[in-house]
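Contents: one structure, followed by commentary.
From a predicted model like this one, the values you see are computed outputs, not experimental measurements.
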Amino acid sequence: MAIYFQQEKRIFTLHTEHSSYQMKVDDYGFLLHLYYGGKISGDMDYLLTYYDRGFSGNPSDAGGDRTYSMDVQPQEYPGLGTGDFRGSALVIRNADGSDCCDLRYVRHEIKKGKYALKGLPAVYADKEEAETLEILLEDPISKVQALLLYGVLEKEDIITRSVRICNQGTDNIVVEKAASACLDFVTGDFDLLSFCGRHTMERNLQRQKVGYGSYVIGSRRGTSSHQYNPAVVLAGKDTTEDYGNCYGMVFVYSGNFMCETEKDQYGQTRLLMGLQSDLFHYPLEPGESLTVPETILSYSGKGLGELSNQFHRCIRNHICRGKYQHGLRPVLINSWEAAYFDFNGETICRLAEEAAGLGIDMVVMDDGWFGKREDDNSGLGDWQVNERKLGSTLGDLIRKVHGLGMKFGIWIEPEMVSEDSSLYREHPDWALQIPGRKPVRGRNQLVLDFSRAEVRDYIFGKICDILDQEKVEYVKWDMNRSISDMYSMENTPGKVSYEYVLGVYDFLERLLQRYPELLVEGCSGGGGRFDAGMLYYTPQIWCSDNTDAIDRTRIQYGTSFFYPVSSVGSHVSAAPNHQTGRCVSLHTRGVVAMAGSFGYELDPAKLAEEEKEEIKTQVNKYKEYATLIQEGKYYRLSNPFEDACAAWLFVTEDGKRALLNVVMLEVHGNMAVSYVKLRGLRKDSIYEDRESGKRYAGDALLEAGLPMPVRPGEYLAYQMELTVVE
Ligand code: GLA
């Protein structure tokens, strides 16, 4: 059992293997948060303190008790208008114009298995693996209800939270803000780790002290965004990779979000994760409800490395689905950086032929194969094969590729429309735009109104026509702009930002139902929609449009805090790199790209014979290590934003086999040696380096590490396979 309720004290306790979470219904029916952290056996209500706090107001139920105030008490799901002046989890605009929602406990239920959310991605689990706690709160005046959902995956050290807001009153209300998780800490000095960036440089780690006031990250771009990832860590200020307390929150959602960290007047910390309140005014008529997307919580008392592995396991085993959840991913070659828009059917066949000779499994025909699409200014929405360009039907091209023993993949961008397209000329109202205003263009394209079923149905039909021409094994689903004109000609304003995302999920779900064998890779200008919501449908996501190996060590480092290696689309591209102009050896490019779902993004015909030979070896090596890389534990061994090298390690669950990866980021005259300490190994075992045959004690590798060679040359990379021999 993971969920306990103590009747007399009305205390709820959620236990996972290494953590506990506790809350309590107090005398006035408020649901107070008591504790989240390392496993405990006692009741934590003694942590609550009561003093007369001057300007902190007291609910009228407290009578003359001036020591009771929502301004001070830690809460589970704080609404605005109750005397809590910190950031709220819920803001409701009532029919009379007031902004008040005073939620009190009504009842609860404990169930076997994990709850699911209709129309939204969420963690799933077998009946025996999880339990659900539902707590119903209600505002006694407005009859607005919040059904708090908690899922506990005991073995995985995972707690999930979601909320269903329901209008049980007789008047219309508007939900102005809704979070799915709130964590209040009565004490503690914390750092916030967030992952910021931009197109082609996503998820840079930012670690900052949580100071007084609130710090907010989020997205108003319609997608989770390149700029701020919807996942954060709150860590003790001394917490490192393998020491200390830390709490992670991962939002399972691909649209506008908001994450607030706040230190209040008494040094208490609140962390909120939920929907973005801007561009969101969700009306609920009597009887209607809104589901707030899920947040995954995890706690580690052993530092960030353990926390990351907890999230990796959860996402791999309880978010990702389908044939490729654990199935080895095909090594692919993509036409984008090989040819951009300049290809025909022959180009694709030649690419496939060359790639087949190198041991690559699949060719992907990227943008440019449909409608009038010779550059990125036209054609989106016209999902008809450009047979003139391909020189054949799509079916014939795919059959040729299959004939070479290669799988076939194709690029699509279903959510978009170019103004220069037949679709737009026929249905200009299908694009998101505000009446009377000219919409903002992004990459010279507009966004289709995916909140409308008829728009989705039309595009779905067109995409199915393409996929039905011959067996397609892989689809790259792209989304190449931020949404600026969040207004629908048909749907209720204020609902569009949310319903758009649900529309995307609905489309993806239908696609997967119809083509259960299909591998879909997510993409949004690279990693602009890299989130746990998309990973429910697309087990891998193109991590960044930046394929420069050195930048990638940093992008992949940031990504690794939450997302498993199997989810990271990662390719070897040409040198000099197309985004940065940097030259990095093929070996180093291979080592970096192997920290993901591996592939190539170049034209092998332009390579020298030795390079082709090297690629053959590289592909073989990747295939040899693929299970260890995809399913093993992952450890960060350095911080590539600060250290002279980037280093990471894959280790099997039993710790008996490991693959160390190191890329030297700096080179200097008479350079100091970099020592890399390993993690996750068995300390009592002896390991052998496969290449040199040298033996090392596990504890030595953990405590003292390995000296990296000092050699002239830029960006040298090393890989070392270690296996237990004793
Ligand atoms: C986006 C993707 C690229 C490529 C282009 C095609 O930028 O991230 O990988 O598919 O679109 O237009």
Measure the [atom1]-[atom2] distance between [X] and [Y] for me, rounded to the nearest 0.5 Å.
X      : Y      : atom1 : atom2 : value
Glu109 : Thr132 : CD    : OG1   : 10.0 Å
Cys100 : Leu90  : SG    : CG    : 10.5 Å
Cys523 : Phe530 : SG    : CZ    : 11.0 Å
Thr261 : Met273 : OG1   : CE    : 9.0 Å
Glu262 : Leu192 : CD    : CG    : 13.0 Å
Ser180 : Leu275 : OG    : CG    : 7.5 Å

Legend entry - Test: Arg10 cationic atom under 6.0 Å from Phe5 six-membered ring centre, within 45° of axis: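 Cation-pi check for Arg10 and Phe5: fails.
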
Legend entry - Note: Lys24-Asp26 ion pair, threshold 4.0 Å (strictly below):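 No salt bridge links Lys24 with Asp26.
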
Does a side-chain heavy-atom distance below 4.5 Å link [X] with [Y]?
X      : Y      : answer
Arg270 : Asp184 : yes
Arg53  : Tyr266 : yes
Cys182 : Pro78  : yes
Leu120 : Glu294 : no
Lys177 : Phe280 : no
Ser298 : Leu307 : yes
Val455 : Glu490 : no
Ser162 : Thr291 : yes

Legend entry - Qualifying ring pair (Phe, Tyr, Trp, His ring centres under 6.0 Å) pairs with a residue from residues 414-444, counting only residues at least two apart or across chains: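 Sorted pair list: His427-Trp430, Trp430-Tyr458.
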
In chain order, what residues pass the ring pair (Phe, Tyr, Trp, His ring centres under 6.0 Å) check against [X], with sequence neighbours excluded?
X      : value
Tyr215 : none
Tyr35  : none
Tyr299 : Tyr247
Phe562 : Phe195, Phe311

Can you tell me if [X] and [Y] form a side-chain donor-acceptor pair at under 3.5 Å?
X      : Y      : answer
Thr160 : Tyr115 : yes
Arg161 : Tyr21  : yes
Arg203 : Thr559 : yes
Glu134 : His108 : no
Ser98  : Asp96  : yes
Gln75  : Asp84  : yes
Asn480 : Asp478 : yes
Asp27  : Tyr68  : no
Ser544 : Glu202 : yes

Inset, instruction - Apply the test side-chain contact (heavy atoms from CB on, under 4.5 Å) to residues Cys166 and Leu147: give CA-CA distance (whole Å), side-chain angles for both, the deciding distance (0.1 Å), then the verdict. - result: CA-CA 8 Å; Cys166 188; Leu147 183 69; over 6 Å; no

Taking only residues at least two apart or on different chains, which pairs with a member in [range] satisfy salt bridge (Lys or Arg N to Asp or Glu O under 4.0 Å)?
range            : result
residues 215-228 : Arg220-Asp278
residues 446-461 : Asp429-Arg452, Arg452-Glu454, Arg456-Asp506, Asp457-Arg510
residues 166-175 : none

Using every non-hydrogen atom in the two residues, find where [X] and [Y] come nearest and quote the distance to one decimal.
X      : Y      : result
Pro564 : Ile315 : CD-CG2, 3.6 Å
Leu432 : Val496 : CD2-CG1, 3.9 Å
Leu272 : Ala179 : CD2-CB, 4.3 Å
Asn256 : Thr223 : OD1-N, 4.1 Å
Leu423 : Asp382 : N-OD1, 3.1 Å

Legend entry - Side-chain donor or acceptor of Asp485 paired with backbone N/O of Gln433 under 3.5 Å: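 No: the side chain of Asp485 does not pair with the backbone of Gln433.
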
Inset, instruction - Please check if the side chain of Asn204 supplies one atom and the backbone of Cys196 the other of a donor-acceptor pair under 3.5 Å. - result: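 Yes, Asn204 side chain to Cys196 backbone: donor-acceptor pair under 3.5 Å.
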
Who are the side-chain hydrogen bond (donor to acceptor under 3.5 Å, both in side chains) partners of [X], not counting sequence neighbours?
X      : answer
Asp531 : Ser224, Ser254
His33  : Glu76
Tyr498 : none
Ser567 : none

Legend entry - CA sep, side-chain torsions, deciding dist, call: Ile296, Val252, side-chain contact (heavy atoms from CB on, under 4.5 Å): CA-CA 7 Å; Ile296 310 175; Val252 188; 3.6 Å; yes

Within a reach of under 6.0 Å around [atom1] of [X], are more than 12 heavy atoms found that belong to other residues, nucleotides or ligands?
X      : atom1 : result
Arg425 : CZ    : yes
Tyr228 : OH    : no
Tyr212 : OH    : yes

Inset, instruction - Would you sort out whether Lys209 and Asp191 count as a salt bridge (Lys or Arg N to Asp or Glu O under 4.0 Å), showing the intermediate values? - result: CA-CA 4 Å; Lys209 183 178 158 60; Asp191 284 350; over 6 Å; no

Legend entry - salt bridge (Lys or Arg N to Asp or Glu O under 4.0 Å) between Asp71 and Arg86, worked out: CA-CA 7 Å; Asp71 200 12; Arg86 295 164 284 187; 5.3 Å; no

Inset, instruction - Among Trp542, Phe507, Tyr537, find the residue that satisfies the ring-ring contact (aromatic ring centres under 6.0 Å, His included) test when tested with Trp477. - result: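 The single option meeting the ring-ring contact (aromatic ring centres under 6.0 Å, His included) with Trp477 is Phe507.
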
Legend entry - Aromatic plane relationship, Tyr505 with Tyr253 - under 30° parallel, 30 to 60° tilted, over 60° perpendicular: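 Perpendicular.
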
